[in-house]
Amino acid sequence: MHALDLSPSGWALTSPRVLRLLERLENVGTPLGEYVDGFYRGVVTGCNDAFIISASMRQQLVTEDAKSDELIKPLLRGRNLHRWKAVSANEYLIVIASSTNSEWPWSDARSNSEAERIFKRNYPAIYRHLSNYRERLIVRNDQGKFYWELRPCLYYAEFGKSKILYSEVSKSLYACYDTTGAFGLKTTYSVPTNDLSFLAVLNSTLFDWYARYRFGNFGDAWEGGGLFFFAQYMERVPIADRTAAQKAELTGLVEQILTDPQSNSVREIEREIDEIVYQLYGLQDAEIELIKQTYRDAGMEV
């Protein structure tokens with residue numbers, strides 16, 4: 001056994017055949033970090049009780065003041081993210097970006113008290129709601145220029161785009177597609193894109209197999225452990241080039257799944273996606289069988 005046969009995530013031995021396939025995959029296509037514009041981590045509020053609200057509270061705030069709707073966005077937590085599509089818990093996030101990076105009516109106020117009066121005048125219902133948490137908001141570390149604002153962030157606008165969302169820690173990637181403009185919390189990552197063929201690659205068996213060998217983990221990823229989908233791992237993932245025809249084919253299959261992610265036909269469509277992805281990466285029959293056997297040996301469905 002050569003020293004290179006040691007897993008990069010620890011001292012577990014990796015077979016030479018597996019290692020050769022991993023190395024070959026890494027010479028295909030483009031690293032994910034070069035393929036996308038960025039990996040955007042979810043929001044840190046510093047006081048979830050204040051900024052996260054229920055659907056009924058959202059309705060109450062909007063009924064009190066229609067302008068409240070400008071500041072209220074759909075919210076998705078890590079536990080809401082499922083394979084292909086998120087399942088909303090009907091929660092919302094009050095999003096008031098820091099005046100450090102954004103322009104608000106109170107941004108140029110000469111004092112905190114003047115800024116607060118302007119905020120109250122412009123968004124009275126939101127002001128009254130957040131006032132219930134005033135002391136907790138004032139002492140938190142994660143805040144903007146004023147206590148009712150979120151921490152400074154340059155990429156809040158990215159959440160409003162079509163995007164792929166996934167949890168930073170889970171047993172598999174469970175990448176899903178969002179077009180609702182939802183904001184994620186800090187345990188999630190967003191990748192703005194409308195390329196559904198890219199989503200197909202991320203949810204493929206090949207990607208999952210690769211991640212279980214190359215990503216950081218807690219516990220054995222082949223025996224029920226979890227994986228860390230941090231940007232430092234994701235950015236190195238090789239993304240195979242796709243022709244227009246291949247993109248269209250994968251996109252069509254993903255659209256079928258998104259129509260009804262709970263359908264009994266989804267698993268068969270996923271197998272079709274897997275076969276196409278194997279072709280994209282130029283895998284031979286023996287290499288495909290190696291991947292499938294790895295799952296069988298671990299008692300996992302392929």
When you measure from the side chain of [X] to the backbone N and O of [Y], does any donor-acceptor pair fall under 3.5 Å?
X      : Y      : result
Glu34  : Thr30  : no
Ser15  : Val18  : yes
Ser204 : Phe207 : yes
Thr45  : Asn48  : yes
His82  : Tyr174 : no
Trp222 : Met300 : no
Lys163 : Phe159 : yes
Asp65  : Leu61  : no
Arg134 : Leu130 : no
Gln246 : Arg242 : no

Exercise. Under 30°, 30 to 60°, or over 60°: which ring-plane class applies to Tyr166 and Phe229, parallel, tilted or perpendicular?
Worked result: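 Perpendicular.
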
Before accepting this row, confirm whether a basic side-chain N of the pair [X]/[Y] lies closer than 4.0 Å to the acidic partner's carboxylate O.
X      : Y      : answer
Lys161 : Glu158 : yes
Arg236 : Glu26  : no
Glu91  : Arg77  : yes
Arg271 : Glu268 : yes
Arg128 : Glu64  : yes
Glu270 : Arg83  : yes

Exercise. Considering residues at least two apart in sequence or located in another chain, which fulfil the ring-ring contact (aromatic ring centres under 6.0 Å, His included) criterion with Tyr127?
Worked result: Phe119

Problem set entry | Partners meeting ring-ring contact (aromatic ring centres under 6.0 Å, His included) with Phe51 (sequence neighbours left out) |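 Here no residue qualifies.
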
For this session: May I ask you to check whether over 12 heavy atoms, not counting those of Asp37, lie within 6.0 Å of atom CG?
Result: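 Incorrect, the count does not exceed 12.
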
Problem set entry | Other residues, nucleotides, ligands: >12 heavy atoms within 6.0 Å of Asp285 CG | no

Looking only at side-chain N and O atoms, does [Y] offer a donor or acceptor that is under 3.5 Å from a partner on [X]?
X      : Y      : result
Gln293 : Arg296 : yes
Thr259 : Glu255 : no
Trp84  : Gln262 : no
Tyr281 : Glu287 : no

Problem set entry | Step-by-step side-chain contact (heavy atoms from CB on, under 4.5 Å) determination, Leu165 to Tyr189 | CA-CA 6 Å; Leu165 282 165; Tyr189 278 97; over 6 Å; no

Looking at every non-hydrogen atom in both residues, tell me the closest pair between [X] and [Y] and how far apart they are.
X      : Y      : value
Gly78  : Ser167 : O-OG, 3.2 Å
Glu168 : Phe230 : OE1-CE2, 3.8 Å
Tyr177 : Ser162 : OH-CB, 3.4 Å
Glu235 : Pro31  : O-CB, 3.6 Å
His129 : Ala50  : NE2-O, 2.8 Å
Tyr147 : Ser131 : OH-OG, 4.5 Å

When rounded to the nearest 0.5 angstrom, what distance separates [atom1] in [X] from [atom2] in [Y]?
X      : Y      : atom1 : atom2 : value
Ile273 : Thr205 : CD1   : OG1   : 9.5 Å
Leu173 : Leu227 : CG    : CG    : 9.0 Å
Gln279 : Leu283 : CD    : CG    : 10.5 Å
Thr188 : Phe39  : OG1   : CZ    : 14.0 Å
Glu301 : Arg267 : CD    : CZ    : 5.0 Å
Lys85  : Leu199 : NZ    : CG    : 12.0 Å

Exercise. Any side-chain heavy atom of Val87 sitting closer than 4.5 Å to one from Asn80?
Worked result: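 Val87 does not reach Asn80 side chain to side chain.
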
Exercise. Mind checking whether Tyr156 and Val43 have side chains closer than 4.5 Å, heavy atoms only?
Worked result: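 Tyr156 vs Val43: side chains touch.
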
Exercise. Between Phe228 and Phe215, is the gap from one ring center to the other below 6.0 Å?
Worked result: no

Problem set entry | Test of ring centre spacing under 6.0 Å for Tyr133 and Trp148 |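 That pair fails the under 6.0 Å test.
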
Problem set entry | Intermediate values then yes/no, side-chain contact (heavy atoms from CB on, under 4.5 Å), Asp178 and Leu81 | CA-CA 10 Å; Asp178 175 68; Leu81 308 185; over 6 Å; no

For this session: Please assess Asp195 against Thr193 for the test side-chain hydrogen bond (donor to acceptor under 3.5 Å, both in side chains), listing each intermediate value before the final yes or no.
Result: CA-CA 5 Å; Asp195 183 357; Thr193 182; 5.1 Å; no

Problem set entry | Inter- and intrachain pairs under salt bridge (Lys or Arg N to Asp or Glu O under 4.0 Å), touching residues 46-59, at least two apart | Asp49-Arg136, Arg58-Asp69

Exercise. Looking at Phe183, does the NZ or CZ of Lys73 lie under 6.0 angstrom from its six-membered ring centre and within 45 degrees of the ring axis?
Worked result: no

